[in-house]
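In this text, all values refer to a predicted model and were calculated from it rather than measured experimentally.
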Amino acid sequence: MIKENVKLQSGKSNNSRITVVSNSCIIIGACIILSALIYMIVNLDKADSIVTMWMVFMITGISLSFLGGFMGLFFKKYEKIFY
């Protein structure tokens with residue numbers, strides 16, 4: 001049974017919630033990447049000692065950004081099937 005314009009109890013559809021979560025992941029990932037880059041530029045004199053910590057933050061930021069992008073793309077692609 002196909003339901004059109006499914007509304008949740010709060011009145012928001014699943015599409016708007018997925019969009020908010022997707023955009024939040026992208027923004028948080030971009031903020032992590034930007035802050036890691038700024039931290040590396042400020043502490044450039046001791047870059048050798050902080051590279052391992054810096055790489056963890058860069059990988060986390062990039063992963064969050066890709067996760068948010070793919071989440072938005074896949075939900076928009078498959079929402080016609082589910083709803």
Can you hop from [X] to [Y] via hydrophobic side chains spaced under 4.5 Å?
| X | Y | answer |
| --- | --- | --- |
| Y39 | V56 | no |
| L34 | I32 | no |
| F70 | I27 | no |
| I18 | L67 | yes |
| M55 | I62 | yes |

*asked:* Restricting to non-hydrogen atoms, name the atom on S65 and the atom on I33 that form the minimum distance, rounded to 0.1 Å.
replied: OG-CD1, 4.2 Å

_Can you give me the closest heavy-atom contact between C25 and M71, atom names plus distance?_
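In this case the closest contact between C25 and M71 is SG-CE, 4.3 Å.
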
Between atom [atom1] of [X] and atom [atom2] of [Y], what is the distance when rounded to the nearest 0.5 Å?
| X | Y | atom1 | atom2 | result |
| --- | --- | --- | --- | --- |
| F57 | T52 | CZ | OG1 | 10.5 Å |
| M58 | S35 | CE | OG | 9.5 Å |
| I50 | N43 | CD1 | CG | 5.0 Å |
| I41 | L37 | CD1 | CG | 6.0 Å |

*Return yes if some donor-acceptor pair links the side-chain N/O of S63 with the main-chain N/O of I59 below 3.5 Å, else return no.*
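Pair found, side chain donor or acceptor close to backbone of I59.
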
_More than 12 heavy atoms from other groups under 6.0 Å of CG on D48_ = no

